[in-house]
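Each remark here refers to the structure printed beneath this line.
All of these numbers come straight from a predicted model, not from anything done at the bench.
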Amino acid sequence: MVDSVSVADLKDILSERGACGVGFIANLDNIASHQIVEDALTALGCMEHRGGCGADNESGDGSGVMTSIPWDLFNNWANSQGIATFDKLHTGVGMVFFPKDEELVKEAKKVALLAVTLVLSQEGLEVLGWRPVPVNVSVVGYYAKETIPNMQQVFVKVVKEENVDDIERELYICRKLIEKAALLESWGNELYFCSLSNQTIVYKGMLRSEVLGLFYTDLQSDLYKSAFAIYHRRYSTNTSPRWPLAQPMRFLGHNGEINTIQGNLNWMQSRETSLKSPVWRGRENEIRPFGNPKASDSANLDSAAELLIRSGRTPDEALMILVPEAYKNHPTLTIKYPEVGVVPMDESKVIMKGRLGPGMMITVDLTSGQVYENTEVKKRVALSNPYGKWVAENLRSLKPENFLSTTVMDNEAVLRRQQAFGYSSEDVQMVIESMAAQGKEPTFCMGDDIPLAAISQRPHLLYDYFKQRFAQVTNPAIDPLREGLVMSLEVNIGKRRNMLEVGPENASQVILSSPVLNEGELESLLKDPLLKAQVLPTFFDIRKGVEGSIEKTLNRLCEAADEAVRNGSQLLVLSDQSDELEPTRPAIPILLAVGAVHQHLIQNGLRMSASIVADTAQCFSTHQFACLIGYGASAVCPYLALETCRQWRLSNKTVNLMRNGKMPTVTIEQAQKNFSKAIKSGLLKILSKMGISLLSSYCGAQIFEIYGLGKEAVDFAFCGSVSSIGGLTFDELARETLSFWVKAFSEDTAKRLENFGFIQFRPGGEYHGNNPEMSKLLHKAVRQKNESAFSVYQQHLANRPVNVLRDLLEFKSDRAPIAVGKVEPAASIVQRFCTGGMSLGAISRETHEAIAIAMNRIGGKSNSGEGGEDPIRWKPLTDVVDGYSPTLPHLKGLQNGDTATSAIKQVASGRFGVTPTFLANADQLEIKIAQGAKPGEGGQLPGKKVSAYIARLRNSKPGVPLISPPPHHDIYSIEDLAQLIFDLHQVNPKAKVSVKLVAQAGIGTVASGVAKANADIIQETLEQQLKLDPCPSNIPPFPIWPKTNISNLPRQISGHDGGTGASPISSIKHAGGPWELGITETHQTLIVNGLRERVILRVDGGLKSGVDVMMAAAMGADEYGFGSVAMIATGCVMARICHTNNCPVGVASQREELRARFPGVPGDLVNFFLYIAEEVRGILAQLGYEKLDDIIGRTDLLRPRDISLVKTQHLDLSYITSSVGLPKWSSTEIRNQDVHTNGPVLDDVLLADPEISDAIENEKVVNKTIKIYNVDRAACGRIAGVVAKKYGDTGFAGQLNITFEGSAGQSFGCFLTPGMNIRLVGEANDYVGKGMAGGELVVTPVENTGFCPEDATIVGNTCLYGATGGQVFVRGKAGERFAVRNSLAYAVVEGTGDHCCEYMTGGCVIVLGKVGRNVAAGMTGGLAYILDEDDTLIPKRVCT
């Protein structure tokens, strides 16, 4: 009998995320000393900036050290207690966190003693004593002190074992049994073993790095000696301090960020029944479970590593299993610190310096004194068994089969099936046929402004209730185009065997090159004799009524799957194929069937015994493939989509288009191949958005959120996924499924597919928030400044169908209404308004400047977007006559005093237009982490829109397309984001720094990390925002009116509506979530953590009215962003041809003749915002409140509307209306607080030097030399900001010649300007020369080193990121991504890691040595000279 397994819950996982800094120090002669401990504490102290602190700025997110057991210290204590000297071989030491309460400590000790005594007495274990751990509580912060555990050390004697490994196993079992026993107690979660070992001990806690050694007084003792120390500083984005989650763990010090953690936990739990090893002597049950969803990702990785190593795997082998290198496309198969300079040392004694690149390992064997580098480590493991022979003899590759060359159904049969399975004409024409013709995933513009599936009046496929998650701050997206070498779609089919034992049978599987199967390949799998495939039909019977029908069938399906697996089947094929469709036997949505079987097999311990393949008609888009794979399918055969491709190719219309040269000619086989290719590329894009390299890792990972499914369906088929608002029951799902199915059997069934209008607006189709009537009403109101016309606009919005979650809510108040005259004035309210981050280039200069002028007039804020800004816009106009200015002659409606500058200047992944002067002239600086229109992806600007003017601002070439990288590079993790925030505060200490996030479950967790990273503003934006990027030519032409959504410009904590940008349809429709949930979670999580007062919360996403503003305010937002509606007010007619450069009113064109048609004046937008503010005032008065401050965060003023939805009455909005309290400060106090500072920095010392300040002020020459340490980050950045503010990027005629000596912190020499000549004698960390615009930067090692300089890595990763000028000379090697996005700098370096010159658009790089893989990926300009002495560069390393 197998115990039921509880699957991992995403809610638990999302509350525990983190990132960190980690390193180790070891004596190769294995000689223990206290000096090792001191050095580790020193190094840890230098890592403080890699960690986070709570709201009190004293409670660290965690720090700790792991060392060998200090027997001298413990024996000294034992002797003082009358305890005999410990037998080192037979004694284990446990570091235990007990509940804080003394009475509970006594109770916990009793349980622990009982477990040891009763269960393990026969093994000869004996508790020798308990030692209270001496601590200094005075150094602990307030929040950490609130949860501080009682710390005890236990000494256990293991008598019957002589082998160290066996002793460690006994202690492991002992700990596991104690943990199980404790879980039965109320305080069970408060008992935690930091370590229980015969070899190592861990001291850790919710402490800042500097105070770890002060808190644990043991660490100060000269008797505390160790031959090694692993140290760790944690940056946690978890919701509350937890001492156990500090690191190191029991085995590992790990930098979190495991993207597939939910799937990993489920797969690990699935393996539990099959994990056996002789070393456990039949006691495997005693050590289960192996994972814990409530623990952090690092804790679970540590648990898996512990299991493997305790089961006999070597540490290097275990880590190669758990964290494999991306070897698939690798052309060839290195004391470790996360930063240089953390320990002072004599450079002449350093014999080797290097870098540990992605997937690389070094092993230090203290028993032999050997250090093994990456290749040697892996070679030793690879040669330990005949793995190659086993794979060659047992792993079977699925032979590719040809696509069918003719149709297998007549047109009527195809149509009936398309209708039955929910296809629309948009799906066929814009998705399937587009992919068949082009071999590319279809894209679209204007975002998604239709209702969520659950509140729509129209039936939707089940997939539409699922939204893809994406990487955001805590882990990076991958670029599938430029860095696709680390990605693979390979997947294995068949039984997965015992992971604890090696053998040839583990390789007995079938390997698929991708999860997309054609009919012939599926047939091959069905015929494989070892797989013993079983086909399971997925139809449900409604002859006895719809009620209960789908649930009964799912239960029977799961039972059939269970029986098949127990009978030896290794492949379950869930199929909705049948020769004839029956009216009373509709197909279960295949996603529901796959999820149900997957979950059933997990919970019954059978999941590792078989794979699941879906043979389905209901899968034709990349999102649908991703859903099926994410919930357990290993592969999919989309038989109806393939038949649709064949039918399209053979249709008269297609034949004629190809014959007339209006469409590229493709064969029927090529059409299907194109479809398959497009799906595969789309899957890579979806994986990459979450930072996942391998499809095998995505399978079963459940990286989705659900909007609109009820608990019974989620718990049955999608257990562990977040479904915050509840929704449809099984019976309601059955009725929705049936509404499609019956169309195939109706007598009046149309002879063509229905157009639901889900993508493109059409009369009679699905409701779109941005529709022609709304736009016309708004134009009339703002252009005529007509209040009655604006009232008609308001009434139109009030009468619309339910379109967004906030439409299900209304206000309530227990106060009497007050006169509007008592409410704060509109002039105050409009200062909270912002517009979206639309780049100059995506929109015209006229539009960009008109919006900026309007926002400056009212005291609001416009956003530059990703493209820089012309300095001519930074000064107020003084030459306006009759509304026109010679300074900005292309604009009308101007006034003297107008300023065209964008108050918010954006810093995005492409760094286009980001110069020191741009940064120094900002009121706010926005870091774009996630892009609303396509979160996890970068923006793009088509070449035809890169005019000479745009190219000059962006430091690029006219006519060359500009595609930004996904958001990774210097925002790889939370501590890297903290560094970028530090950099921006450094260059412009007067500008508030905002971080733009996109709404998804867990955003509160991320926001907590962002607040601790010293951001001033958190901007939450809806999933798609207004992006005027290109729509590909494969989208068929549509009439100008009506059109779809322009819902919002990229900004703040946003949600899922809006966007004009070219994005994959799957991104537009299926990524991100409603901002109502995002802002609520963010606001409340920050309050719980005491962080709400630190940050301004800004929200955008489909805001169109004062009601929207009030709703956002009640949910916690301080400021409010308007995207598409602001564009419409300025003149946009929603022609939806933004991408073509042919905008008829010049809003989104760079063509001068079209720009001349621009109808907007700043006053129109001013009118709009004043109307909105007056509407807000009216609602406040009606509710009885005088100012917005009084209602911000007041969710108690919201209640559900009495409204009947078509599909379900089971939506639950309590998540939005609940409250955890209010901030201690008012919103106005939060908004008016000073800019967060970097504290004392080295640049302040330099700027205070009279000679330097005189040189800057009077353009003189100065020479200075100063010491630098790794804690001195962004050195020279503040000096550069002062110079840039005064002289611009090129106007400084003086010279600042500054020499630094030592180890520089991150971002050394960032944002340098001409006239700054910086020399570093020593070494530097990541981001050297980031954003530099001029000057000279030299990095050279000290004289008389013990290593060869040209062979040593002396600067870190991502150097010269976004540089726009200057020269860099490095005597030594650099890390990964050297000169990424360099557009004008010149550099010489003696070797680099992977991705050198990535995305370069200009400048010159000379590499006098070896480079890594993927050189020049995405490079569109500039020159690279690489010394290739062994002729390996071109065939192995250059991206072609």
Side-chain angles (χ1 to χ4, degrees), residues 22 24 26 30 66-69 89 92-95 158 161-177 179 193-202 227-230 232 247-255 258 264-265 267-269 271-272 274-281 283-284 286-292 295-325 336 361-368 370 372 377-378 380-385 387 497-503 506:
V22 60
F24 70 81
N30 204 19
M66 177 198 292
T67 68
S68 54
I69 295 174
L89 176 61
V93 183
M95 181 76 158
V158 184
E161 302 292 350
E162 296 297 325
N163 180 280
V164 170
D165 290 337
D166 289 331
I167 291 172
E168 290 290 307
R169 272 188 280 273
E170 285 298 337
L171 294 171
Y172 177 60
I173 293 173
C174 177
R175 192 194 84 226
K176 284 283 195 174
L177 290 170
E179 289 169 347
F193 281 83
C194 302
S195 56
L196 179 58
S197 171
N198 172 254
Q199 300 290 308
T200 61
I201 190 166
V202 173
F228 77 93
I230 297 172
H232 191 282
Q247 292 194 48
M249 295 298 176
R250 300 172 187 118
F251 266 70
L252 307 178
H254 176 251
N255 181 2
I258 299 175
N264 293 351
L265 284 166
W267 287 117
M268 197 67 188
Q269 289 168 344
R271 287 184 180 275
E272 287 186 359
S274 67
L275 293 181
K276 292 181 172 58
S277 173
V279 302
W280 296 112
R281 304 168 188 171
R283 300 173 66 182
E284 286 85 358
E286 297 177 16
I287 58 176
R288 298 187 182 111
F290 302 127
N292 179 9
S296 65
D297 45 6
S298 294
N300 279 291
L301 180 67
D302 183 81
S303 177
E306 184 178 31
L307 172 67
L308 289 171
I309 294 169
R310 292 286 177 246
S311 298
R313 300 273 194 174
T314 63
D316 41 10
E317 182 182 16
L319 291 175
M320 284 175 66
I321 291 170
L322 293 170
V323 191
E325 184 176 5
K336 170 66 176 80
M361 299 175 70
I362 58 172
T363 298
V364 179
D365 188 337
L366 296 183
T367 58
S368 66
Q370 295 293 309
Y372 301 99
V377 172
K378 291 171 180 173
R380 289 168 64 208
V381 173
L383 295 177
S384 63
N385 285 293
Y387 292 113
R497 292 171 170 81
N498 183 6
M499 186 174 67
L500 299 187
E501 291 192 345
V502 296
N506 286 356

Check whether any side-chain heavy atom of [X] lies under 4.5 Å from a side-chain heavy atom of [Y], and answer yes or no.
X	Y	answer
L171	V158	yes
L275	N498	yes
L89	E162	yes
M268	E272	no
Y387	V502	yes
I69	T200	no
L252	L319	yes
V22	Q247	no

Calculate, to the nearest 0.5 Å, the distance between atoms [atom1] and [atom2] belonging to [X] and [Y] respectively.
X	Y	atom1	atom2	value
E179	L196	CD	CG	9.5 Å
L500	L307	CG	CG	5.0 Å
S303	L265	OG	CG	9.0 Å
I201	M66	CD1	CE	10.5 Å
L308	E317	CG	CD	8.5 Å
R313	S384	CZ	OG	8.5 Å

Contacts of type side-chain hydrogen bond (donor to acceptor under 3.5 Å, both in side chains), residue D316, not counting sequence neighbours | T314
Please test N300 against F290 for side chain to side chain contact (heavy atoms under 4.5 Å, CB included), starting from the C-alpha separation and ending with a verdict.
-> CA-CA 8 Å; N300 279 291; F290 302 127; over 6 Å; no
Of all heavy-atom pairs between [X] and [Y], which one has the smallest distance, and what is that distance?
X	Y	answer
S298	H254	OG-ND1, 2.8 Å
A299	M249	CB-CE, 3.7 Å
S68	A227	OG-N, 3.6 Å
L366	A26	CD2-CB, 3.9 Å
R310	V279	O-CG2, 4.0 Å

N198 side chain vs G92 backbone, donor-acceptor pair below 3.5 Å = no
Mark yes or no for whether S195, through its side chain, and V202, through its backbone, hold a donor-acceptor pair below 3.5 Å.
-> yes
Stepwise side chain to side chain contact (heavy atoms under 4.5 Å, CB included) test for R283 and E170 | CA-CA 11 Å; R283 300 173 66 182; E170 285 298 337; 3.4 Å; yes
For R169 and E284, run salt bridge (charged side-chain N to carboxylate O under 4.0 Å, His left out): C-alpha distance rounded to whole Å, both residues' side-chain angles, the deciding distance at 0.1 Å, then the answer.
-> CA-CA 11 Å; R169 272 188 280 273; E284 286 85 358; over 6 Å; no
Steps toward salt bridge (charged side-chain N to carboxylate O under 4.0 Å, His left out) verdict (K176, E306) | CA-CA 12 Å; K176 284 283 195 174; E306 184 178 31; over 6 Å; no
Exercise: do S197 and E168 side chains pair donor with acceptor under 3.5 Å | yes
Say whether S277 and E501, considering side chains only, have a donor N or O and an acceptor N or O under 3.5 Å apart.
-> no
State whether F193 and R250 meet the cation-pi test: NZ (Lys) or CZ (Arg) under 6.0 Å from the six-membered ring centroid, and within 45° of the perpendicular axis.
-> no
I173 and L177: CA distance, side-chain angles, deciding distance, side chain to side chain contact (heavy atoms under 4.5 Å, CB included) verdict = CA-CA 6 Å; I173 293 173; L177 290 170; 3.8 Å; yes
Intermediate values then yes/no, salt bridge (charged side-chain N to carboxylate O under 4.0 Å, His left out), D166 and R281 | CA-CA 11 Å; D166 289 331; R281 304 168 188 171; 3.8 Å; yes
